[in-house]
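Indexing begins at 1, ligand by ligand and atom by atom, following the structure's order.
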Amino acid sequence: MYQKLTTCLRSVREKIDFKPEVAVVLGSGLGDYVQQVRIEQTMDYAQIKGFPVSTVKGHKGRFVFGYVKEVPVVIMQGRVHYYEGYPMSEVVLPTRLMGMLGAKKILLTNAAGGVNPSFQPGDFMMITDHITTGIPSPLIGPNIDELGPRFPDMSEVYSRRLQDVIRTCAKEGGIDLKEGVYVQFSGPNYETPAEIRLARTWGADAVGMSTACEAVAARHMGLAVCGISCITNMAAGLSNEKLSHAEVQETADRVAASFQELVTRIVAAM
Ligand code: HPA
């Protein structure tokens, strides 16, 4: 796997000389965010040999290199998900690659279902911690010693310093910000009401199909991690609505402007 990573790194470095400081992963509905970025270079995932390519509608697949305010960033416009059939080690390959490209900090974003009954569709939730019990660890398999230790500490996956930065950014932008624990399930089916009740007793506030595995891989290699969920729907059993990807996209689109503003503030301040 490390060899695969270095091959990917070489194939990016042949075309791109940009040195990012911050990595950003854009979730559902946030793809348009790159319009806010002073783009220097882009690279389609398909151009990178051996790279996993997303199959989800609405997920473009490319790296965008450029500046948010004055901060050099690499952005994943489109991610791959475990439910697409890639092994976890492949799902987190792009995250690791962004670390190997030089990013020291990473902002993860996603669309998520609200598990905390006080949440509403359209809310933003800063991720304070996560639960990956329902998915395999992306670190299973031989450890990549070049990246990090066999048994990495996960007691502070989401940097406390970055959490403070995010709180300040939201306050300054007049953007209401919830906080909570994100639980990742595999998808692609939405959860059952019983699974959501289970997640609630576990201590989860939001549920999704991405992000936590990327956070684990990023933390393993020593990146400072932070994350924001856009609550696009109430999770199964918490409302009378049936869950659909259309609802997820509708809500994400509705609040995209303030989500983008929040992301810009965070990247500029982290
Ligand atoms: N469950 C899982 N993933 C999601 C949801 C959900 O309710 N909403 C958006 N992504």
Carboxylate-amine/guanidinium contact Arg219 Asp153, below 4.0 Å
no
Please could you name the atoms of ligand 1 that Leu243 approaches to less than 4.0 Å, counting only its heavy atoms?
7 (O)
Applying a heavy-atom cut-off of 4.0 Å, say which part of Ala112 lies close to ligand 1: side chain, backbone, both or neither.
backbone
Of all protein heavy atoms, the one nearest atom 4 (C) of ligand 1 is Val207 O, 3.7 Å
Please classify the Asn233 to ligand 1 contact at 4.0 Å (heavy-atom distances, strictly less than): side chain, backbone, both or neither.
side chain
Within a 6.0 Å radius of atom CD on Glu146, are there more than 12 heavy atoms belonging to other residues, nucleotides or ligands?
yes
Closer than 4.0 Å to some heavy atom of Val248 - which atoms of ligand 1 meet that?
8 (N), 9 (C)
Please list, in number order, the atoms of ligand 1 under 4.0 Å from a heavy atom of Ala111.
9 (C), 10 (N)
Please write down residue, atom name and distance for the protein heavy atom closest to atom 5 (C) of ligand 1.
Gly113 N, 3.4 Å
Would Arg150 and Asp145 count as a salt bridge (Lys or Arg N to Asp or Glu O under 4.0 Å) if you check the C-alpha gap in whole Å, the side-chain angles of each, and the deciding distance to 0.1 Å?
CA-CA 7 Å; Arg150 171 75 292 187; Asp145 297 327; over 6 Å; no
What closest approach, in Å, do Thr42 and Ile16 show between heavy atoms, and which atom pair accounts for it?
O-CD1, 4.0 Å
Look only at interatomic distance and state if Tyr190 has a nitrogen or oxygen under 3.5 Å from any nitrogen or oxygen of ligand 1.
no
How about His81 and Tyr86: are their ring centroids closer than 6.0 Å?
no
Would you check if there is a donor-acceptor pair between the side chains of Arg79 and Thr211 at a distance under 3.5 Å?
yes
For Phe124 together with Phe119, are the ring centres under 6.0 Å from each other?
no
So which heavy atom in the protein is nearest atom 1 (N) of ligand 1, and how far is it from that ligand atom?
Glu191 OE1, 2.8 Å
Would you say the rings of Tyr158 and Tyr182 are close, in the sense that their centroids are separated by under 6.0 Å?
no
A student checking ligand 1 against Gly208 at a 4.0 Å heavy-atom cut-off should list atoms 2 (C), 3 (N)
Show the atoms of ligand 1 that are less than 4.0 angstrom away from any heavy atom in Thr232.
8 (N), 9 (C)
